[in-house]
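The block underneath contains the structure these notes are about, expressed in C-alpha cells.
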Amino acid sequence: MLDLSKRAAVVTGANGNLGHAVVRMFIERGAHVAAPVRDEAKAAELRASLAELAGTPDDERLITGVVDVSRPDQMDAFVERTLRTWGRLDIVANLAGGFGTGSALEYAAIEELWERNVRTVVTATAACARPMRARGYGRIVSVGAMTGLKGRRNAAGYAMAKGALIRWTEALADELKGEGITANVVLPSTIDHPANRTAMPKVDPKTWVSPEELAAVIVFLCSREASGVTGAAIPITART
C-alpha cells in the first residue's frame with residue numbers, strides 16, 4: 001500500500017461520489033485532506049461518511065471549509081488555513097467540475113461549462129502551487145474526460161473544457177519541470193454513480209468506471225512512486 005503519511009492534500013469536488021472515494025483512499029493511506037466544499041451540509045455529509053477516519057479534534061485527518069473554488073481570494077485563504085493546520089501542502093486533486101449539454105453555437109452554455117471545469121481547476125491549482133514550489137515537491141492531478149479527445153453532437157462546451165484541461169496540463173507540467181512537481185490529468189469514460197444510472201437506465205453500468213477504480217489511479221499519481229509520470233493524459237475506460 002502506498003504510504004502518504006507525510007502528505008497533505010487539497011481535494012476539490014470532495015462532496016461528490018468520486019470525491020468521497022478519493023478522500024477515503026487518501027486518508028486510509030495516511031494523508032491529511034483539506035476539502036473545500038459548497039456548503040456546511042456537504043461538509044457534514046463528507047465527515048459522516050468517513051466516521052472515525054476523519055480524526056479527532058487533537059489529530060484532524062480532514063478539514064473542510066465553505067469555499068468557492070473559482071475565486072482566487074477564497075482558495076488562497078483556504079490554502080493558508082491548510083498550511084497553518086499541517087505546515088505543508090503536497091497534493092491537489094482537482095475533482096470539481098460538471099457535465100452539461102448544448103449546441104456548439106450556444107456560447108452561454110459553453111461559457112458555463114468552461115467556468116465549472118476550467119476556471120475551478122486553474123484557480124485551485126494556482127493557490128496550491130505556491131507552497132509546492134516553495135518546498136520543491138508537489139503532485140497535481142485533474143479529472144478530465146474521454147470526451148476531451150473528441151467532440152460530439154450536443155457536447156461542444158463539455159468537450160472544449162475537458163480538451164482544454166489536457167493541453168493545460170501539458171503546459172503546466174512543462175512549466176514546472178525540474179521543480180519536483182508533477183501534473184497529470186485522468187480521462188475517465190462514464191463513471192458509475194447514481195446520476196448516470198438515472199440518466200442512462202438502459203445502459204449496463206458494469207461497463208462503466210467505478211469511483212474506486214478512478215480514485216486508485218488518482219492516488220497513485222499523487223504518490224512519490226509516480227515521480228516519473230508528468231504531463232500525461234491517462235484514459236480510464238472500463239471496469240475490469
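Listed here is the closest heavy atom pair of V10 and T82: CG2-OG1, 4.4 Å. Nearest heavy-atom pair across W86 and H32 is NE1-CD2, 3.2 Å. Listed here is the closest heavy atom pair of L165 and V118: CD2-CA, 4.4 Å. In plain terms, the two heavy atoms of G87 and R135 that are nearest each other are O-NH1, 4.0 Å. The shortest heavy-atom contact between L46 and H20 is CD1-CD2, 3.7 Å. Of all the heavy atoms in I110 and G157, the pair that sits closest is CG1-CA, 3.8 Å.
Using a distance-only test at 3.5 Å, with no hydrogens or angles considered, a donor-acceptor pair links the side chain of T230 to the main chain of A183. Looking only at distances, a side-chain donor or acceptor of R81 sits under 3.5 Å from a matching main-chain atom of T64. N184 contributes a side-chain N or O that, together with a main-chain N or O of V229, makes up a donor-acceptor pair within less than 3.5 Å.
One finds the CG atom of L53 at 5.0 Å from the CZ atom of R24 (value rounded to the nearest 0.5 Å). If you take OH on Y158 and CZ on R116, they are separated by 9.5 Å, rounding to the nearest 0.5 Å. Atom CD1 of residue I181 and atom OG of residue S227 lie 13.5 Å apart, to the nearest 0.5 angstrom. Interatomic distance, CG of L113 versus CZ of R119, reported as 15.0 Å (0.5 Å rounding). Of the inter-residue distances, the one linking R139 atom CZ with L221 atom CG reads 9.5 Å to the nearest 0.5 angstrom.
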Could you give the side-chain donor-acceptor pairs of residues 89-103 under 3.5 Å, partners two or more places apart or in another chain?
{"from": "D90", "atom 1": "OD1", "to": "R88", "atom 2": "NE", "distance (Å)": "3.2"}
{"from": "D90", "atom 1": "OD1", "to": "R88", "atom 2": "NH2", "distance (Å)": "2.9"}
{"from": "D90", "atom 1": "OD2", "to": "A8", "atom 2": "N", "distance (Å)": "2.8"}
{"from": "D90", "atom 1": "OD2", "to": "R88", "atom 2": "NE", "distance (Å)": "2.9"}
{"from": "N94", "atom 1": "ND2", "to": "T125", "atom 2": "OG1", "distance (Å)": "2.9"}
{"from": "N94", "atom 1": "ND2", "to": "S142", "atom 2": "OG", "distance (Å)": "3.1"}
{"from": "S103", "atom 1": "OG", "to": "L105", "atom 2": "N", "distance (Å)": "3.0"}

Evaluate the criterion salt bridge (charged side-chain N to carboxylate O under 4.0 Å, His left out) for residue pair D174 and K177; output intermediate values, then yes/no.
CA-CA 5 Å; D174 197 47; K177 188 179 296 183; 3.1 Å; yes
